[in-house]
Structure formats: C-alpha cells, structure tokens
A.B. asks: 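Questions regarding the structure given below will be posed in turn.
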Amino acid sequence: MYWSRLFIPTLRENPAEAEVVSHQLLLRAGYIRQLAAGIYNYLFLAQRSLLKIQRIVREEMDAMGAQEMYLPALNPAEVWQESGRWSVMGDNMFRLKDRFGRDLCLGMTHEEVMTGIARGELRSYKQLPQIWYQIQTKFRDEPRPKSGLLRVRQFIMKDSYSFDLTPEGLDAAYQKHHDAYCRIFDRCGLDYIAVEAHSGAMGGSQSHEFMVVSDAGEDFVAIGRKSGYRANLEKAVSRAKPPAAPDPEGDLHPEEFHTPGQKTIEDLVKFTGLPATSQMKSLVMVADGKPVLALLRGDHQLSETKFAGALGASDVRPAHPAEIVDWMGADAGSLGPVGISDKLRLIADSALQGRRNMICGANRNDYHLKNVTPGEDFQPEYLDLRQVEDGDGDPLDPEATLEVRKTVEIGHIFKLGYKYSESMGLRVLDEHGQEITPIMGSYGIGVERILTCAIELFHDKDGMALPVSIAPFTLVITPVNYADEQQKAAAHQLFDAAKAAGLDALLDDRDERPGVKFKDADLVGIPYRITVGKKLAQGIVEVVERRSRASRDIAIDDAVAWVSAAASGK
RNA sequence: CGGGGCGUGGCUCAGCCUGGCUAGAGCGCCUGGUUCGGGACCAGGAGGUCGGAGGUUCGAAUCCUCUCGCCCCGACCA
C-alpha cells in the first residue's frame with residue numbers, strides 16, 4: 001500500500017487525556033480515536049493489527065478442534081434470568097427495552113446463550129465433547145473506564161465453552177486451552193505468565209489467569225522467580241517476613257498502659273519504640289451479618305478475599321464505628337482480642353501463631369496492652385488471612401522470596417463445573433439411557449489487551465516496537481526523496497519484490513522530508529524499514545530493525561530476502 | 001457512588017484571579033517558492049457558537065447558578 005493514500009493520522013504531541021503509554025501511543029500513532037468514555041474507534045492501523053491477532057487466535061482454536069460460531073450481542077432478558085445472572089450482573093450490564101417494552105441486554109459474555117444452544121440440541125453422550133467459540137464484541141458498563149484500551153465498555157473477546165461428560169473430560173479441555181493460550185500468546189510475541197487465580201463469582205474449581213507484567217495493570221500477582229510460584233494476590237500465600245525485633249522472653253501477663261491519642265500502628269511504633277511486627281492489628285469485620293475480630297501482625301494487610309473464603313462468607317464488610325463501640329467497648333484505634341471472645345469470633349492470621357508478649361489495644365480508649373500472647377491470653381482460630389507482600393518468603397522455596405507485580409489480564413480459563421448446565425437444565429443421555437448433566441468450562445481472551453500489552457512491553461521514546469506477528473505492516477520502504485527518479489524507481493522495485501515475497505509492505509511515497517517519514521515509521525512501530533537514499537548509486541540500501549535500531553547496508557537485490565528471513569525468524 | 005482535575009481552531013496550550021478593542025501562540029492544514037538522511041525555511045491564507053443553558057452587568061472566555069462531557073485516585077471489576 002502507498003502511505004500517501006492511507007489514513008494514518010499521527011500526532012506530534014501527546015493528547016492530554018492519555019496517561020498510560022499504550023494509550024498515548026495508540027492515539028499518537030493514529031491507531032484509535034475515542035468516541036466516548038471507554039468506547040473507541042479502531043482506525044485502519046488498529047484494525048489491521050487486531051485482525052492479525054484474531055487470525056492467530058482463530059488458527060490456534062481451530063487447531064485444537066474448537067468450532068467457531070457467531071452469536072447475538074443483543075440478548076433477551078429471559079436467558080440471563082434463567083441462570084440468575086440478570087440480577088447478579090447489576091449495573092455492569094447494559095440493559096435496554098425494545099418497542100414493546102421487553103427487556104434486553106448487551107452480552108458481557110455468552111455462557112447462557114451457549115448453554116442454551118447446547119440444551120436445545122445436544123441429546124446424546126455420543127455428541128460430546130464439544131468446544132465452541134466466538135470472537136465477538138462484548139459490552140460491559142464499567143463504573144470507570146480507563147487507560148485507553150485496557151478497561152473499556154465495548155471490546156472484542158474470544159471466548160470458548162467446553163461441554164464434557166466427565167470431570168476428566170473437562171480436565172482435558174482445560175489443558176487444551178491452557179496449551180493453546182500459551183501458543184497464542186507466544187505467537188503474539190508477549191512475555192506472560194500463567195497464574196492460579198481466585199475463581200470469584202464464576203464459581204468452579206480451577207482457574208488460571210494469563211497475565212502480562214506491566215505498571216499499567218490493575219491486578220497484583222505474586223511471583224516466585226526460582227520456584228515458578230505464580231498466584232493472583234487474592235489467592236497467593238507466603239511465609240511472612242520474620243519479626244523485626246525478638247519477642248520479650250518470659251511468661252508475662254497482659255499489662256495495660258496509657259496511650260493518649262495513639263490510634264494507628266504507626267503511632268504505636270513511635271510511641272512504644274517497638275516495630276510494627278511487634279504490634280497486633282485488630283480489625284472488626286462483619287461476615288454474613290456476624291461480627292468477627294480479625295487479628296494480623298501490625299505490618300500486614302487483611303485480604304478480604306481470603307477472609308471471606310476462610311469463613312465461607314459471601315458478604316463481608318468492615319464494621320461501622322457504632323457497631324465497634326457496641327461490641328468492643330472502645331473505638332477503632334484501641335481494640336484488641338483480650339476478653340471479648342464471648343462477643344465476637346476471634347480469628348488470627350497464621351503469622352501470629354507462636355508469637356509472645358505483643359502489643360494490642362485494650363478495648364478502652366487511649367489504652368493498650370503489652371505482653372499479650374496469642375493462645376494464652378486469648379484463643380483464636382489460626383487461618384491464612386494476610387495479603388502477600390513483595391519480599392515475603394516463597395511458599396515453595398525456603399530460601400527464596402516472592403515479588404508482587406502489577407499485571408494486565410489477557411486471558412482467563414475456568415472450570416465452570418455444573419453451574420450453567422444445571423441451572424439451565426442441560427442434559428444428555430448416557431450409554432445406559434440415563435440423563436446426565438454435562439460439565440462445562442469457559443475460556444476468554446481479550447483481543448485488544450494483547451495489542452495494548454504488546455505496546456506496553458515493547459516501546460521506546462519514539463513509539464511502538466511491535467512484534468512482527470501483530471504489527472499492522474511488516475516492512476516500510478522509505479525513499480529519502482521520492483521526487484528523485486532513481487530513488488522512486490528503486491523503491492518501487494523493492495516494493496514489488498516485497499509483495500512477491502508475501503511481505504506485508506508499505507511504501508512511504510509521501511512528499512515529506514525524510515525526518516518526518518522516519519519519525520512516523522518509528523511511531524507506528526513497523527518492525528522493518530528499508531531506506532532508499534544516497535547509497536543507491538552504489539546499489540546499496542539500508543535495512544533498519546525497529547526493535548533493536550540495528551541498521552545495515554545491503555545490496556538492493558538482497559534487501560527483501562534479508563527482511564523476509566529476519567521477519568519469519570521472529 | 002465518594003474525592004480531585006480539566007473543557008478556548010485538528011493537536012498542545014496562554015488569556016480567566018483583577019470583566020472592556022477585530023480572542024492569541026506553537027504545531028498541523030491550504031497556496032506559491034526554496035529545500036530534501038531524523039518532525040525544514042520564506043511569503044500568503046483558511047479555520048474558533050471560548051462544552052451547553054440560564055443569570056449578573058452598559059459590556060462575559062473571564063463573575064454566579066445549574067448542567068453535560070472527559071481524565072485521574074478510591075470503591076467496583078464473569
């Protein structure tokens with residue numbers, strides 16, 4: 001294609017609304033324009049790149065035997081009411097009414113519709129297993145769209161659904177997806193990790209998220225570099241860092257002391273001169289309506305997900321100030337576990353087990369206790385409650401530590417179990433003529449997020465440095481001066497050769513100064529550039545690799561072959 | 001939903017506090033010319049309901065009220 005004929009509206013300056021790098025570059029390089037918050041026009045370059053990504057996804061899904069379908073984005077309420085998610089989804093779902101007042105919504109995902117198809121058509125065990133997928137636009141009424149294409153209200157998702165007779169069958173489908181996802185992300189040139197994830201409201205037994213480490217992300221993941229440990233922070237476990245100061249020896253008894261105005265752990269550290277690890281943090285929580293006192297080491301944070309999971313509670317919240325006074329007899333800031341076990345259930349994070357003579361609130365405003373020993377002065381249940389922190393011990397390797405990193409989720413695979421097949425009444429007959437409920441899995445990939453993460457991962461001050469597999473073009477041919485007849489002829493010769501070699505090539509035939517053309521090529525992120533310039537007289541052109549900036553002089557007749565080889569090697 | 005910020009040519013922004021001429025700059029765009037290896041130069045030119053509505057005033061981009069939109073932090077996030 002000829003650059004002069006294309007619509008590639010590059011910007012010299014960063015638009016003010018963009019904060020994260022991928023957002024800035026997508027706008028500057030002319031890939032996207034915003035239509036509304038979380039809703040974007042995908043212009044020519046973005047569409048080209050997204051189509052390449054979708055093609056890779058499609059090839060790998062087809063290779064594993066999955067069948068592509070195309071399903072309605074507009075769904076009747078009934079389907080979602082049947083699974084119960086019409087109400088569960090709340091404000092996250094776009095809803096509308098048709099002219100007769102019937103409720104409709106825009107699909108956020110397609111478990112219901114897929115299960116509906118299966119229920120209507122699958123009759124016999126002989127038809128299973130099945131894996132069905134779609135690559136389509138999904139809608140989600142995000143409370144806060146942000147970061148360009150990272151969190152949006154309309155996006156393209158590949159999602160697939162597996163139907164199996166047995167849990168073993170589901171395991172196989174799950175594994176197939178795991179492997180296919182690795183191939184997809186490898187082919188897209190991403191550095192990613194697969195982590196164990198919390199199944200969340202989807203239910204189900206097992207789940208992995210595919211994550212790209214990036215500061216633009218929103219999810220935290222704990223990573224053990226040596227051991228290979230990988231887990232979503234909601235699920236991650238660790239060995240706590242050792243206390244910063246040894247516990248006082250001896251069989252001491254709790255002793256009240258006056259602590260006027262000392263409310264936070266930080267206050268107490270200063271006031272007592274003892275580190276946060278010697279303090280005990282007391283959090284009054286309400287789990288399914290019942291009061292619970294959660295105890296943590298002073299430097300640790302409560303993981304509400306773990307807390308809810310440990311108690312088997314579905315609704316968890318911090319207590320209101322009035323409830324705290326009512327139950328504890330003091331305000332937050334002077335709370336502790338001693339003498340209140342008849343009123344609240346006491347649970348303590350496992351890092352407190354075996355500790356002695358610590359400091360905690362006295363349940364009397366402006367007083368604290370010292371010499372409090374868990375297991376002696378109060379009897380808690382020990383559970384894993386704390387959020388893993390960067391630098392905590394790796395649970396798989398006593399020598400190693402964990403890193404906690406921000407990540408972007410690009411894929412998620414779930415063992416759904418029987419949730420949808422059961423609630424929607426999907427059954428087939430087994431070989432004995434008995435009705436049996438198939439077991440399901442669901443598997444998603446965020447298509448735009450692959451592009452976004454690639455940009456986050458591969459960019460420099462001049463622009464994107466996209467992997468060949470997903471770049472909108474593989475090669476740009478840049479005559480320094482297109483008005484020069486020799487250069488023009490040579491550029492066209494190269495362009496024809498590139499086309500003949502099957503390369504996705506672009507000819508920058510614009511009447512622009514070379515600097516402009518170089519800057520634009522760098523910004524847009526085309527992996528290879530052939531510059532036709534002053535050395536043409538010697539039959540030489542220059543080949544530049546965008547990612548490394550490496551450039552080399554090559555005889556004009558060899559240039560395309562060189563790029564071809566280099567590009568296919570990536 | 002709570003907190004903060006911002007809306008002025010296509011883009012980045014100044015002007016607003018302290019109201020007063022035809023509302024400015026840089027970049028981009030158009031025309032002509034000179035240029036041509038990392039976002040050129042000269043000359044000329046087009047382009048703006050100052051987000052919207054209402055109000056105060058002789059007079060509003062500027063002050064007041066309401067409203068819409070966008071961005072960021074938090075809450076939320078199969």
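Predicted, not measured: the structure shown is a model, and the values here were computed from it.
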A.B. asks: Quick one: label Leu523(A) by what it contacts on the DNA or RNA (base, sugar-phosphate, nothing), any heavy atom closer than 4.0 Å.
C.D. replies: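 The residue Leu523(A) makes base contact.
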A.B. asks: Across the strands shown, which category fits Asp520(A) at heavy-atom distances under 4.0 angstrom: base, sugar-phosphate, nothing?
C.D. replies: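 The answer is base, as Asp520(A) lies within the cut-off (heavy atoms under 4.0 Å) of a base atom.
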A.B. asks: Under 4.0 Å, heavy atoms only, any strand: does Asp522(A) hit a base, just the sugar-phosphate, or nothing?
C.D. replies: base
A.B. asks: Need one value for Glu13(A): base, sugar-phosphate or nothing, where a base atom within 4.0 Å counts as base even if backbone is also close, heavy atoms only.
C.D. replies: base
A.B. asks: What is the distance, rounded to the nearest whole Å, between atom CG of Asp508(A) and atom C1' of G38(B)?
C.D. replies: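 Atom CG in Asp508(A) sits about 13 Å away from atom C1' in G38(B).
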A.B. asks: With heavy atoms under 4.0 Å as the rule, sort Arg33(A) into base, sugar-phosphate or nothing.
C.D. replies: nothing
A.B. asks: Could you pull out the protein-nucleic contacts involving nucleotides 32-35 of chain B (nitrogen or oxygen on both sides, under 3.5 Å)?
C.D. replies:
{"residue": "U35(B)", "atom": "O2", "partner": "Arg513(A)", "partner atom": "NH1", "Å": "2.8"}

A.B. asks: Report the nucleotide, chosen from G39(B), G37(B), C77(B), that has the shortest atom-to-atom distance to any side-chain atom of Thr531(A).
C.D. replies: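 Nearest listed nucleotide: G37(B).
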A.B. asks: Of all the nucleotides listed (A40(B), C71(B), G37(B)), which has the minimum atom distance to the side chain of Glu17(A)?
C.D. replies: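 The closest nucleotide is C71(B).
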A.B. asks: Counting only side-chain heavy atoms from C-beta out, which of G39(B), U12(B), C71(B) sits nearest to Ala16(A)?
C.D. replies: U12(B)
A.B. asks: Could you work out which one of C73(B), C70(B), G39(B) sits closest to the side chain of Ala37(A)?
C.D. replies: C70(B)
A.B. asks: Assign Ser147(A) to base, sugar-phosphate, or nothing according to its heavy-atom contacts below 4.0 angstrom with the strands shown.
C.D. replies: sugar-phosphate
A.B. asks: So, Gln136(A) side chain and Leu71(A) main chain: donor-acceptor pair closer than 3.5 Å or not?
C.D. replies: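 It does hold such a pair.
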A.B. asks: Base, sugar-phosphate, or nothing for Arg317(A), non-hydrogen atoms under 4.0 angstrom?
C.D. replies: nothing
A.B. asks: Base, sugar-phosphate or nothing for Pro143(A)? Non-hydrogen atoms, less than 4.0 Å.
C.D. replies: base
A.B. asks: When all nucleic acid strands are considered with a 4.0 Å heavy-atom cut-off, which category describes Lys517(A): base, sugar-phosphate, or nothing?
C.D. replies: nothing
A.B. asks: Under 4.0 Å, heavy atoms only, any strand: does Met93(A) hit a base, just the sugar-phosphate, or nothing?
C.D. replies: nothing
A.B. asks: What does Ala36(A) touch in the nucleic acid at a heavy-atom separation under 4.0 angstrom: a base, only the sugar-phosphate, or nothing?
C.D. replies: sugar-phosphate
A.B. asks: Assert yes or no for the condition that the ring centre distance of Phe495(A) to Tyr2(A) is strictly below 6.0 Å.
C.D. replies: yes
A.B. asks: Set out, line by line, the N/O atom pairs under 3.5 Å between protein and nucleotides 23-25 of chain B.
C.D. replies:
none

A.B. asks: Any luck finding a side-chain donor-acceptor pair between Tyr443(A) and Lys176(A) under 3.5 Å?
C.D. replies: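 Judged by distance alone, the side chains do not pair up.
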A.B. asks: Check the distance between G3(B)'s P and Arg144(A)'s CZ and give it to me in whole angstrom.
C.D. replies: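 Whole-Å distance recorded here is 15 Å.
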